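So you know, we letter chains A, B, ... as the sequences are listed, proteins then strands, and number each from 1. Everything numeric in this text was worked out from a predicted model, so none of it was measured.
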4 protein chains.
Amino acid sequence: MDERQVGALRFQLDLSQPIYEQIVEQMSRAILRGDIGLGEKIPSVRELAQGLRVTPNTVMHAYQEMERQGLTETRRGQGTFITSSRQRVEAFRQQEAHRVVTEFLAKMRSLGFTEAEIIEQLRSRRQEEEMQ
Amino acid sequence: MDERQVGALRFQLDLSQPIYEQIVEQMSRAILRGDIGLGEKIPSVRELAQGLRVTPNTVMHAYQEMERQGLTETRRGQGTFITSSRQRVEAFRQQEAHRVVTEFLAKMRSLGFTEAEIIEQLRSRRQEEEMQ
Amino acid sequence: MDERQVGALRFQLDLSQPIYEQIVEQMSRAILRGDIGLGEKIPSVRELAQGLRVTPNTVMHAYQEMERQGLTETRRGQGTFITSSRQRVEAFRQQEAHRVVTEFLAKMRSLGFTEAEIIEQLRSRRQEEEMQ
Amino acid sequence: MDERQVGALRFQLDLSQPIYEQIVEQMSRAILRGDIGLGEKIPSVRELAQGLRVTPNTVMHAYQEMERQGLTETRRGQGTFITSSRQRVEAFRQQEAHRVVTEFLAKMRSLGFTEAEIIEQLRSRRQEEEMQ
DNA sequence: GTGGTCTAGACCACG
DNA sequence: GTGGTCTAGACCACA
């Protein structure tokens, strides 16, 4: 796990998981947090690849994934930009949350937990973490 | 995604994830639900393979994974059996819950949700479902 | 793990390991301990199989293994007998001990333990066990 | 039993035991001896398979086993690496020693040796070897 | 009949 | 190029 800065963006890459997924996730988070503004240009594939010391191939893969999710747009000859539609970003956030919650509930139920127990698990976990 | 029945067990397999992982997951749930009792025999490698229309190799991979997790015991020449230790099954359940909760919290946080919002999402989802 | 008595012999069989090996081991031990005298007849394949509730096949396998090691002799139409040569039994014991010690030393050395450390490991294990 | 060299590593394989287990055992020893340093890359699955003249599948099996024991980490697209944690390697060493000692004591006891005799056997063996 | 190992060769995900 | 999954089919150990 090491940390690298490229422009205003900070990345933590862990080589034991797919790098392109980590780029997508951390870039998306930066957008949702507002670290990159709507409509702003993000680093070019080559630039980011160099900054992260990964192959351009990997960055390209990540950018294609983000475009597929409607978070970015590429303009030929100009580069890649965050979508300028706040609505689209918010839609992405809600859609992802919905998917993640659905998946979580399904898994916990299949392990035999009731709704009350699921919420209890979350609460107790939160306390554990706070104590650290 | 298609559904297949083998003895008292129902499996839903799709090709977007490793088949052996789906077998492990669905068989584990069946055990946790009590569809198969402690100490009981599960279908033989060949039998399940034929029922699911996959190679015995794939089922074997799944069964070995379950044995590593302490859920089953194999007796050469006799078959594969659910562990008779209720404690081990419960340990598995807790371990899985921990893993699932960790993954869920990480994903929700990376989407920018706070702890309070996460619990709120779960509550509102629960109400939606109750209204259906 | 359950225990069964056949004539003067007591067996503890654990289904997670090869049964025929357990029969060989426990029968050999009984011979070395003198629970069965030199030249004595041991139960017939069928008799032992019935007593242990395993298939005659398995007992046959065990008996062949013991004969291969020179511990028993079969006399057509009369049954299977412990060798009457004390020398042969003792030779077996020494030969086995030699093999086991050699194997043990090789493994421990390959794990990087020196002779002194190996003996130390044995001593400390002995203390652990005594405390239980 | 034949011997094969792959890079700096030497392997002795025989067909009387599972090949993948022999790979795990011999590779582990090489790590414990320091023949491969912490964090270093080990031969790729295909490379080792070719060198040992076995199928990549068999080598893969061995590598996955080592990963489960915490000895290695795999990075898709990059290769398999020894863990960089000295602690994990040491934990593995202790765990293996425990297993080997347990097995040894069980075998010697079943041959009718007492603790004192077992240690005596080791000592006398040591003297024999020193005289050679 | 049971589980377990191995081969040969395909196809995928990732860098 | 790397690791990972899957198929098809052989052969072994054990009951």
Side-chain angles (χ1 to χ4, degrees), chain A residues 13 15-24 49 52-62 64-65, chain B residues 13 15-23 41-50 52-67 72-81, chain C residues 13 15-23 49 52-62 64-65, chain D residues 13 15-23 41-49 52-67 72-81:
Chain A
L13 300 184
L15 295 179
S16 73
Q17 294 172 50
I19 293 175
Y20 87 97
E21 282 184 5
Q22 298 178 62
I23 296 176
V24 168
L52 299 181
R53 279 175 258 164
V54 300
T55 78
N57 229 332
T58 302
V59 176
M60 175 74 80
H61 194 161
Q64 286 175 343
E65 186 61 27
Chain B
L13 302 183
L15 294 176
S16 70
Q17 296 173 61
I19 295 174
Y20 81 94
E21 284 184 3
Q22 299 177 60
I23 296 176
K41 188 175 183 305
I42 61 180
S44 81
V45 169
R46 288 160 172 82
E47 193 181 341
L48 186 55
Q50 204 168 12
L52 300 181
R53 278 173 258 164
V54 299
T55 71
N57 242 329
T58 300
V59 174
M60 173 79 66
H61 193 162
Y63 278 19
Q64 288 181 340
E65 193 60 34
M66 293 195 294
E67 182 162 22
T72 61
E73 291 166 6
T74 70
R75 300 177 204 150
R76 247 165 128 130
Q78 299 185 240
T80 305
F81 299 78
Chain C
L13 300 184
L15 295 178
S16 72
Q17 295 172 51
I19 293 175
Y20 87 97
E21 282 184 6
Q22 299 178 60
I23 295 176
L52 299 180
R53 279 174 259 164
V54 300
T55 79
N57 228 332
T58 302
V59 175
M60 175 75 81
H61 194 160
Q64 285 175 345
E65 186 61 25
Chain D
L13 302 183
L15 294 176
S16 71
Q17 295 174 61
I19 296 175
Y20 82 94
E21 283 183 4
Q22 299 178 60
I23 296 176
K41 188 176 182 305
I42 61 179
S44 80
V45 169
R46 288 160 173 81
E47 193 181 340
L48 186 55
L52 299 181
R53 279 174 256 163
V54 299
T55 71
N57 242 328
T58 300
V59 174
M60 173 79 66
H61 194 163
Y63 278 19
Q64 289 181 339
E65 194 59 35
M66 293 195 293
E67 182 162 22
T72 60
E73 291 165 7
T74 69
R75 301 179 201 147
R76 246 165 127 130
Q78 298 186 241
T80 305
F81 299 79

5' priority, DNA chain F, between Pro18(C) and Ser44(D) [closest heavy atom]: Ser44(D)

For the atom pair CZ (Arg53(B)) and CD1 (Ile19(B)), what is the distance rounded to the nearest 0.5 Å? 12.0 Å

So, under a plain 3.5 Å distance rule, would you say the side chain of Arg46(B) forms a donor-acceptor pair with the base of dG3(E)? yes

Can you find a donor-acceptor N/O pair under 3.5 angstrom joining the side chain of Arg75(D) to the base of dG3(F)? no

Can you tell me if the side-chain N/O atoms of [X] get under 4.0 Å from OP1 or OP2 in [N]?
X        : N      : value
Thr58(D) : dT5(E) : no
Gln64(D) : dT5(F) : yes
Thr74(D) : dG4(F) : yes
Thr55(B) : dT7(F) : yes

Trace of the side chain to side chain contact (heavy atoms under 4.5 Å, CB included) decision for Thr58(D) with Leu52(D): CA-CA 10 Å; Thr58(D) 300; Leu52(D) 299 181; over 6 Å; no

Could you state the [atom1]-[atom2] distance from [X] to [N], rounded to the nearest angstrom?
X        : N       : atom1 : atom2 : answer
Leu15(B) : dC11(E) : CG    : P     : 15 Å
Arg76(B) : dG3(E)  : CZ    : P     : 11 Å
Ile19(C) : dG3(E)  : CD1   : P     : 15 Å
Leu13(A) : dC14(E) : CG    : C1'   : 14 Å
Met60(C) : dA13(F) : CE    : P     : 18 Å
Asn57(B) : dG3(E)  : CG    : C1'   : 12 Å
His61(B) : dG3(F)  : NE2   : P     : 16 Å
Tyr20(D) : dG3(E)  : OH    : C1'   : 12 Å

Looking at dA10(E), which nucleotide sits across from it as a Watson-Crick or G-U wobble partner, both distances under 3.5 angstrom, or is there none? dT5(F)

Touch class at under 4.0 angstrom, heavy-atom based, for Val54(D) against every strand present: sugar-phosphate

Quick one: does Gln17(A)'s side chain have a donor or acceptor within less than 3.5 Å of a partner on Gln22(A)'s backbone? no

Taking all heavy atoms of Thr55(A) and all of Ala49(A), pick out the closest pair and write down the distance. C-CB, 4.1 Å

Over 12 non-hydrogen atoms of neighbours within 6.0 angstrom of CD in Glu21(B): yes

Start at the 5' end of DNA chain E and walk down; is the nucleotide closest to Glu47(B) or to Gly77(D) reached first? Glu47(B)

